[in-house]
Peer 1: 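Below is the structure I would like to discuss, written out as structure tokens.
Chain naming here is simple, since letters A, B, ... match the order of the sequence lines and numbering starts at 1 in each.
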Number of protein chains: 2
Amino acid sequence: MKPGHPDHTDSVNLQHERCRPVHEILSLVGDKWSVLIVRFLGQKTMRFNELRRAIDGISQKMLTTTLRNLERDGFVTRTVYPTIPPRVEYTLTDLGRELLVPVAALAKWVDINRERIDEARRRFDEQWSEPAVRIPAAPGSAGPRHREQPSRNRHG
Amino acid sequence: MKPGHPDHTDSVNLQHERCRPVHEILSLVGDKWSVLIVRFLGQKTMRFNELRRAIDGISQKMLTTTLRNLERDGFVTRTVYPTIPPRVEYTLTDLGRELLVPVAALAKWVDINRERIDEARRRFDEQWSEPAVRIPAAPGSAGPRHREQPSRNRHG
DNA sequence: CAGGATCCATGCCGATACTG
DNA sequence: CAGTATCGGCATGGATCCTG
């Protein structure tokens with residue numbers, strides 16, 4: 001990565017060196033179950049149905065799929081004991097445990113700021129449920145506004 | 001961890017107090033464009049088409065949708081200047097800027113560990129392209145194995 | 001027990017056409 | 001310029017049935 005001259009490097013950096021990977025990882029663990037599984041495995045090694053029961057709501061298919069992806073990406077190890085009945089254990093790898101650090105940080109941030117987000121949503125949603133438009137209409141001014149009233153609400 | 005009576009508090013904490021929110025936020029900004037937009041706006045206030053041109057690949061619809069969601073969640077501010085032609089500016093809120101911190105941390109982690117993930121994937125994928133199964137078969141042992149050969153590959 | 005295979009609903013996202 | 005409206009493809013995820 002050496003474009004030489006630094007014009008447009010902001011965009012270039014943002015697009016190709018920092019953001020693409022970000023979205024990539026967010027897609028990696030940003031699906032419905034990955035983080036949940038990783039955090040459970042962060043506590044202890046677990047078997048398939050043990051995870052299944054623990055997670056509550058996950059289907060067998062999604063548990064399999066998600067575990068397979070996590071294994072592929074190097075976050076969990078799958079160990080088969082060829083007994084009867086079979087026994088399969090899933091464990092976090094070092095990489096998985098390390099991933100847990102920034103993910104936990106993000107989790108903590110969400111925990112802390114959840115209320116602010118919810119409040120922002122309430123304010124936003126209230127705009128649409130209000131009866132009509134009221135614009136103070138300062139005489140002659142053309143200052144910035146903040147949304148008027150669209151033809152339709154986007155949530156029903 | 002706590003040998004007393006463990007109540008099942010582990011699972012409960014994981015499910016309701018920590019992980020659901022995590023997935024929630026990951027869904028929030030874990031979509032295809034949110035992080036990219038947030039990081040662009042982290043550099044400066046931008047107008048609609050300015051963002052559109054900067055991001056390269058985003059459709060007008062997705063830019064609108066993603067911006068609307070970010071606004072709803074309180075991460076960006078939308079300001080309309082009722083001029084002709086219209087002028088709409090998007091800015092990160094304080095909340096948005098704060099979100100950038102843990103997200104940037106995650107981004108950094110990915111940057112650093114990208115190679116390890118890629119290598120894990122290569123190793124994983126190679127298993128499927130190998131011609132046949134070879135199990136050392138330690139005499140009489142029934143130790144753990146690591147995947148044999150399924151009927152089909154999942155990325156065929 | 002630990003999955004594989006299949007069918008199907010939903011939602012994300014892109015492409016296109018049109019508006020104030 | 002900054003959107004809205006609409007259609008359709010494709011991936012995600014759930015439910016069900018079946019196997020070793």
Side-chain angles (χ1 to χ4, degrees), chain A residues 23 26-37 45-71 76 78-90 128 133 142 144-156, chain B residues 23 26-37 45-71 76 78-90 128 133 142 144-156:
Chain A
H23 167 248
L26 283 176
S27 299
L28 228 70
V29 290
D31 64 349
K32 193 169 180 181
W33 303 107
S34 289
V35 172
L36 202 48
I37 293 177
T45 292
M46 290 177 84
R47 297 177 59 178
F48 186 85
N49 276 336
E50 192 179 2
L51 270 170
R52 187 163 170 35
R53 280 188 300 271
I55 291 186
D56 177 77
I58 195 171
S59 67
Q60 174 271 320
K61 173 189 172 183
M62 288 319 296
L63 181 53
T64 302
T65 304
T66 308
L67 282 170
R68 200 68 82 249
N69 287 330
L70 291 174
E71 186 193 1
V76 313
R78 176 180 183 270
T79 310
V80 182
Y81 297 90
T83 58
I84 298 178
R87 173 191 185 87
V88 180
E89 288 185 351
Y90 293 92
W128 307 122
V133 202
R145 299 183 211 165
H146 277 254
R147 197 179 306 285
E148 310 170 358
Q149 186 92 338
S151 53
R152 281 259 258 209
N153 188 337
R154 85 171 185 284
H155 52 271
Chain B
H23 166 247
L26 283 175
S27 299
L28 229 69
V29 291
D31 65 346
K32 193 169 180 182
W33 303 107
S34 289
V35 172
L36 201 49
I37 292 177
T45 292
M46 291 177 83
R47 297 177 60 178
F48 186 86
N49 276 335
E50 192 179 0
L51 270 171
R52 186 163 169 37
R53 281 187 299 271
I55 291 187
D56 176 78
I58 194 171
S59 67
Q60 175 274 322
K61 172 188 171 183
M62 287 320 296
L63 182 54
T64 301
T65 304
T66 308
L67 282 170
R68 200 68 81 246
N69 286 330
L70 291 174
E71 184 194 2
V76 313
R78 175 179 183 270
T79 310
V80 181
Y81 298 90
T83 59
I84 298 179
R87 173 193 185 85
V88 180
E89 288 186 349
Y90 293 92
W128 308 123
V133 200
R145 301 182 208 164
H146 277 254
R147 197 180 305 286
E148 312 173 354
Q149 187 92 338
S151 54
R152 282 259 257 211
N153 188 336
R154 84 172 186 283
H155 53 275

Peer 1: Picking from C:dC1, D:dG3, C:dG3, which would you name as closest to the side chain of B:Thr64?
Peer 2: D:dG3

Peer 1: Give a yes/no on whether any side-chain N or O of B:Arg52 is located under 4.0 angstrom from OP1 or OP2 of D:dC1.
Peer 2: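 No, no such contact exists.
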
Peer 1: Taking only the side-chain nitrogens and oxygens of A:Tyr90, find out if one of them lies under 4.0 Å from OP1 or OP2 of C:dG3.
Peer 2: yes

Peer 1: What N/O pairs connect the protein and nucleotides 12-14 of chain D at under 3.5 Å? Give each pair on its own line.
Peer 2:
| from | atom 1 | to | atom 2 | distance (Å) |
| --- | --- | --- | --- | --- |
| D:dG13 | OP1 | A:Lys32 | N | 3.1 |
| D:dG13 | N7 | A:Lys61 | NZ | 3.4 |
| D:dG13 | O6 | A:Lys61 | NZ | 3.4 |
| D:dG14 | OP1 | A:Lys32 | NZ | 2.8 |
| D:dG14 | OP2 | A:Trp33 | NE1 | 3.2 |
| D:dG14 | O6 | A:Lys61 | NZ | 2.2 |

Peer 1: Determine: side-chain N/O of A:Arg87 to OP1/OP2 of C:dA2, distance under 4.0 Å, yes or no.
Peer 2: no

Peer 1: If I take atom CG from residue B:Leu63 and atom CZ from residue B:Arg68, how far apart are they, to the nearest 0.5 angstrom?
Peer 2: 9.5 Å

Peer 1: A:Leu51 has an atom CG; how far is it from atom P of C:dA2, in whole Å?
Peer 2: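 For the pair A:Leu51 CG and C:dA2 P, the rounded distance is 9 Å.
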
Peer 1: What is the minimum heavy-atom distance between A:Val35 and A:Val29, and which atoms define it?
Peer 2: CG2-O, 3.2 Å

Peer 1: side-chain contact (heavy atoms from CB on, under 4.5 Å) between A:Leu67 and A:Glu71: does it pass, once the steps are laid out?
Peer 2: CA-CA 6 Å; A:Leu67 282 170; A:Glu71 186 193 1; over 6 Å; no

Peer 1: Could you tell me the separation between the CG atom of B:Leu63 and the P atom of D:dA2, rounded to a whole number of Å?
Peer 2: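 Atom-to-atom, B:Leu63 to D:dA2, this comes out as 10 Å.
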
Peer 1: Can you name the side chain to side chain contact (heavy atoms under 4.5 Å, CB included) partners of B:Thr45, sequence neighbours left out?
Peer 2: B:Glu89, B:Thr91

Peer 1: Are OP1 or OP2 of D:dA2 and a side-chain N or O of B:Arg47 less than 4.0 angstrom apart?
Peer 2: yes

Peer 1: When the C1' atoms of the five terminal pairs at each end define the local axes, what inter-axis angle does the helix from C:dC1-D:dG20 to C:dG20-D:dC1 show, to 10 degrees?
Peer 2: 40°

Peer 1: Check whether any side-chain N or O of B:Arg68 sits under 4.0 Å from OP1 or OP2 of D:dT4, and answer yes or no.
Peer 2: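 True: B:Arg68 side-chain N/O within range (under 4.0 Å) of D:dT4 OP1/OP2.
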
Peer 1: Looking only at non-hydrogen atoms, find the nearest pair between B:Arg47 and B:Pro86 and report the distance.
Peer 2: NH2-O, 3.6 Å

Peer 1: Would you please name every residue forming a side chain to side chain contact (heavy atoms under 4.5 Å, CB included) with B:Lys32, sequence neighbours left out?
Peer 2: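 Checked B:Lys32 against side chain to side chain contact (heavy atoms under 4.5 Å, CB included); matches are A:His23.
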
Peer 1: Taking all non-hydrogen atoms of both residues into account, name the closest pair between A:Ser34 and A:Leu28 and its distance.
Peer 2: OG-O, 3.7 Å

Peer 1: Nearest 0.5 Å, please: how far is OG1 in B:Thr66 from CH2 in B:Trp33?
Peer 2: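 Nearest 0.5 Å value for the CH2-OG1 distance: 8.5 Å.
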
Peer 1: Using the side chain to side chain contact (heavy atoms under 4.5 Å, CB included) criterion, which residues pair with A:Gln60? Sequence neighbours excluded.
Peer 2: A:Phe48, A:Arg52, A:Thr64

Peer 1: Would you list the protein and nucleotides 18-20 of chain C atom pairs, both N or O, that sit under 3.5 Å from each other?
Peer 2:
none

